[in-house]
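Here the structure comes first, spelled out in structure tokens, and everything after it is commentary.
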Amino acid sequence: MAFMEKPPAGKVLLDDTVPLTAAIEASQSLQSHTEYIIRVQRGISAENSWQIVRRYSDFDLLNNSLQIAGLSLPLPPKKLIGNMDREFIAERQKGLQNYLNVITTNHILSNCELVKKFLDPNNYSANYTEIALQQVSMFFRSEPKWEVVEPLKDIGWRIRKKYFLMKIKNQPKERLVLSWADLGPDKFLSDKDFQCLIKLLPSCSHPYIYRVTFATANESSALLIRMFNEKGTLKDLIYKAKPKDPFLKKYCNPKKIQGLELQQIKTYGRQILEVLKFLHDKGFPYGHLHASNVMLDGDTCRLLDLENSLLGLPSFYRSYFSQFRKINTLESVDVHCFGHLLYEMTYGRPPDSVPVDSFPPAPSMAVVAVLESTLSCEACKNGMPAVSRLLQMPLFSDVLLTTSEKPQFKIPTKLKEALRIAKECIEKRLIEEQKQIHQHRRLTRAQSHHGSEEERKKRKILARKKSKRSAVENSEEHSAKYSNSNNSAGSGASSPLTSPSSPTPPSTAAGLGLSKRCPPRDVCITSTSSTSASTTSSSLASCEHRGAYTAPAPGCEWCEPRGLTQLHPEFPKGNFEESRNL
């Protein structure tokens, strides 16, 4: 974007906190180098993925840029001779995949601009510092009393939020900090309400909120000025860092890990909970609590960045609490984030993973009780306690706060209603995201279980049992058909005696004992003493007993299988020809 060119209006729909994953799909060797084809995916949807092509030199350049973090990253070493061998390329590809896994799973590295540009150049190619300077210069046209001293490069973790050290022209020794931020995906206020609320922030007065000196906004961004604090934030105190240093340098790999004293934990925790309760009672959404958003002013903690929720910016810990469906309100989000903050104050570092199965030894069991209520598996599964409940716990209930400043933050009724609607929209988007993650997790578990070795063995055993059962059923069905066929064959053995073309004389029929038949039926042959041709000329085929199989009728010659010798006791035992002649 050219300098002084006006940026497009409207919020940024892209959520920068959604994690990116990267998998090397293939490699291709060209004349002098090898390229690696990488599939990058945002979030859980496979449809939201794309391919990038990177050389080893690109990985090396990224790794050199990340050295400021002070981490030992597992980038495979360089090789000048033999680097085009097939086996070497395959081995290097495994090493580069491991390198990608490390930087995408590190919470701070994965959110930094360097990694985002490497994996998603289409969405992160803009120069955000230049865009911020453009907005600031436009602001200075109407407010000439301010002057930029220097940009505070990368002191924060957000990609689309920039900081500048300022001064007032008639007070050159006084230093201030200007922050500029673009709109985010959770901005649901109308432009008019948004600008009114931003301009209302300097009127907010609370002993535990860091005062805003000046605030203004347009349709695409907001600009706020606060006093610069040499001591820095609560995170700077925990990590023994300098406030002006880049975020990666300050917090990625601290030289000394040491928590705060118990009295500091109790006092700071109580002050933070008090201001959270004040904001929730006012109906003002927050949802952005972390150690870098708490300014230290002597022994007092003061909350920063109230404008983030108005701007619609995603939370620093969103990738954590979006995994748990019970953390679905902004108050529960603040309580969960307070658990992260309390863990850092206690142990001097963030938790390795959330939920936390077991907590290291703490200065007091009362600290562990609060941590268990906000970060344990049970808490994440069943839900967070209210802020008022945390204030009643033993760790904070006996802390006495002495302050003479009276809290004051007047919000007009119309803007309170706009804040309520915006808060509901923010929570609704969070719930939808949590629902999608939950469904994806269930599907992944089912696929993993279905493809496991044990499950495949079970399916094979069930298939064998089903095959055996089917074979037995087929055998029984075949036996039944064979029996029916024999029954039909037995009935057909007597058919030559009463062929339709050769009417049986009455004397012969009587002599062969054919007088005993089934009860009279409409289509069945009945033997009578009458010599009527219509009776004796009926076909065996017309008897329903010779059609579909029915239960045999006792005593019926057509139904019971009988041999020729059974039809008459004196029937000669000759061959078939003699039987047929007779």
Side-chain angles (χ1 to χ4, degrees), residues 8-19 42-45 48 111 123 158-161 181-201 204 215 217-222 224 276-290 293 303-338 383-384 386-387 409 411-440:
K11 66 179 182 180
V12 177
L13 298 178
L14 188 65
D15 189 340
D16 296 326
T17 63
V18 176
R42 174 176 286 107
I44 59 174
S45 176
N48 193 5
N111 283 296
N123 286 308
R158 292 189 186 277
I159 298 174
R160 306 173 196 272
K161 190 169 188 176
D182 214 341
L183 301 182
D186 280 327
K187 191 262 182 182
F188 295 104
L189 293 165
S190 66
D191 291 343
K192 182 179 178 181
D193 292 338
F194 166 67
Q195 294 181 24
C196 289
L197 283 166
I198 289 291
K199 293 178 180 179
L200 199 65
L201 290 178
C204 178
N218 57 24
E219 67 278 1
S220 63
S221 60
L224 290 90
L276 288 178
K277 186 176 184 302
F278 171 78
L279 291 175
H280 290 303
D281 291 343
K282 287 289 184 179
F284 192 94
Y286 188 56
H288 293 271
L289 180 63
H290 59 91
N293 273 354
L303 208 61
L304 284 170
D305 289 358
L306 266 64
E307 69 275 10
N308 283 356
S309 57
L310 306 179
L311 285 159
L313 304 180
S315 172
F316 180 69
Y317 292 117
R318 187 180 182 89
S319 60
Y320 289 94
F321 60 73
S322 61
Q323 306 293 321
F324 310 109
R325 302 183 71 182
K326 289 294 184 179
I327 308 177
N328 52 15
T329 65
L330 285 183
E331 182 176 3
S332 62
V333 166
D334 282 334
V335 171
H336 180 72
C337 294
F338 178 78
M384 299 287 111
V387 173
F409 191 20
I411 304 175
T413 305
K414 184 180 178 181
L415 292 180
K416 279 187 177 180
E417 180 64 18
L419 283 174
R420 185 189 64 81
I421 296 173
K423 175 176 172 289
E424 291 177 354
C425 293
I426 293 172
E427 293 172 348
K428 183 179 179 181
R429 190 177 86 88
L430 174 61
I431 292 171
E432 287 296 323
E433 183 179 339
Q434 291 171 334
K435 182 179 178 181
Q436 293 175 4
I437 293 174
H438 178 70
Q439 292 175 346
H440 174 74

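Both backbone and side-chain heavy atoms feed into the values below; hydrogens, waters and symmetry mates do not. Along the sequence shown, residues carry numbers from 1.
- The CZ atom of Phe284 sits 10.0 Å away from atom CZ of Phe278, with the distance rounded to the nearest 0.5 Å.
- Taking 4.5 Å as the limit, some side-chain heavy atom of Leu310 sits within range of a side-chain heavy atom of Leu419.
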Subject >> Full working for side-chain contact (heavy atoms from CB on, under 4.5 Å) between His440 and Gln436 >> reply: CA-CA 6 Å; His440 174 74; Gln436 293 175 4; over 6 Å; no
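- Nearest heavy-atom pair, Cys337 versus Ser315, reported as atom, atom and distance to 0.1 Å: SG-OG, 4.3 Å.
- Rounded to the nearest 0.5 angstrom, Glu307 CD and Leu224 CG are separated by 4.5 Å.
- Annotation for Val335 and Ala386: closest pair CG2-C, 4.3 Å, computed over non-hydrogen atoms.
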**OP:** Take Glu433 and Lys428 through the test salt bridge (Lys or Arg N to Asp or Glu O under 4.0 Å) and record every step on the way to the result.
**Re:** CA-CA 9 Å; Glu433 183 179 339; Lys428 183 179 179 181; over 6 Å; no
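- Within 6.0 Å of atom NZ in Lys282, more than 12 heavy atoms from other residues, nucleotides or ligands are found, so the atom counts as buried in its surroundings.
- In this structure, OH in Tyr317 is found 13.5 Å from OG1 in Thr17, a value given to the nearest 0.5 Å.
- Glu427 places no side-chain N or O within donor-acceptor distance of the main-chain N or O of Asn328, the cut-off being under 3.5 Å.
- The shortest heavy-atom contact between Asn218 and Phe194 is O-CE2, 3.6 Å.
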Original post:
Where do Asp15 and Arg429 land on the salt bridge (Lys or Arg N to Asp or Glu O under 4.0 Å) test, with the steps shown first?
Top reply: CA-CA 12 Å; Asp15 189 340; Arg429 190 177 86 88; 3.1 Å; yes
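- Of the possible donor and acceptor atoms, one in the side chain of Gln434 sits under 3.5 Å from a partner among the backbone N and O of Phe321.
- The pair Asp16-Arg158 does not meet the salt-bridge criterion, since no charged nitrogen lies less than 4.0 angstrom from a carboxylate oxygen.
- Across every non-hydrogen atom of Ala215 and Ile198, the tightest pair is CB-O, 3.3 Å.
- Using a 4.5 Å heavy-atom cutoff, the side chains of Leu289 and Phe316 are not in contact.
- Looking at heavy atoms from C-beta onward, Leu13 lies out of side-chain contact with Pro185 at the 4.5 angstrom threshold.
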Original post:
Leu430 and Val333: side-chain contact (heavy atoms from CB on, under 4.5 Å), yes or no, with the steps?
Top reply: CA-CA 10 Å; Leu430 174 61; Val333 166; 4.1 Å; yes
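- Looking at heavy atoms from C-beta onward, Ile421 lies out of side-chain contact with Phe188 at the 4.5 angstrom threshold.
- Contact detail for Glu219 and Asp191: the closest heavy-atom pair is CB-OD2, 4.1 Å.
- With respect to Lys161 and Asp305, a salt bridge is recorded, a charged nitrogen being found less than 4.0 Å from a carboxylate O.
- Taken from CD in Gln323 to NE2 in His438, the straight-line distance is 12.0 Å, to the nearest 0.5 Å.
- Nearest heavy atoms, Ala418 versus Asp193: CB-OD2, 3.5 Å.
- Asp186 places a side-chain heavy atom less than 4.5 Å from the side chain of Arg318.
- Side-chain N or O atoms of Glu331 include none that pairs as donor or acceptor with a backbone N or O of His280 at under 3.5 Å.
- There is no side-chain donor-acceptor pair under 3.5 Å between His288 and Asp334.
- Glu417 has a carboxylate O that lies under 4.0 Å from a charged side-chain N of Arg420, or vice versa, which qualifies the two as a salt bridge.
- To the nearest 0.5 Å, atom OG of residue Ser221 and atom CG of residue Leu311 are 8.5 Å apart.
- Although no hydrogens or angles enter the test, the distance criterion places no donor-acceptor pair under 3.5 Å between the side chain of Ser332 and the main chain of Met384.
- Side-chain contact between Cys196 and Leu415 is present, with heavy atoms from C-beta onward closer than 4.5 Å.
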**OP:** Determine, stepwise, if the pair Ser322 / Ile437 fulfils side-chain contact (heavy atoms from CB on, under 4.5 Å).
**Re:** CA-CA 8 Å; Ser322 61; Ile437 293 174; 3.9 Å; yes
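- The CG atom of Asn308 sits 7.0 Å away from the OH atom of Tyr286 when rounded to the nearest 0.5 Å.
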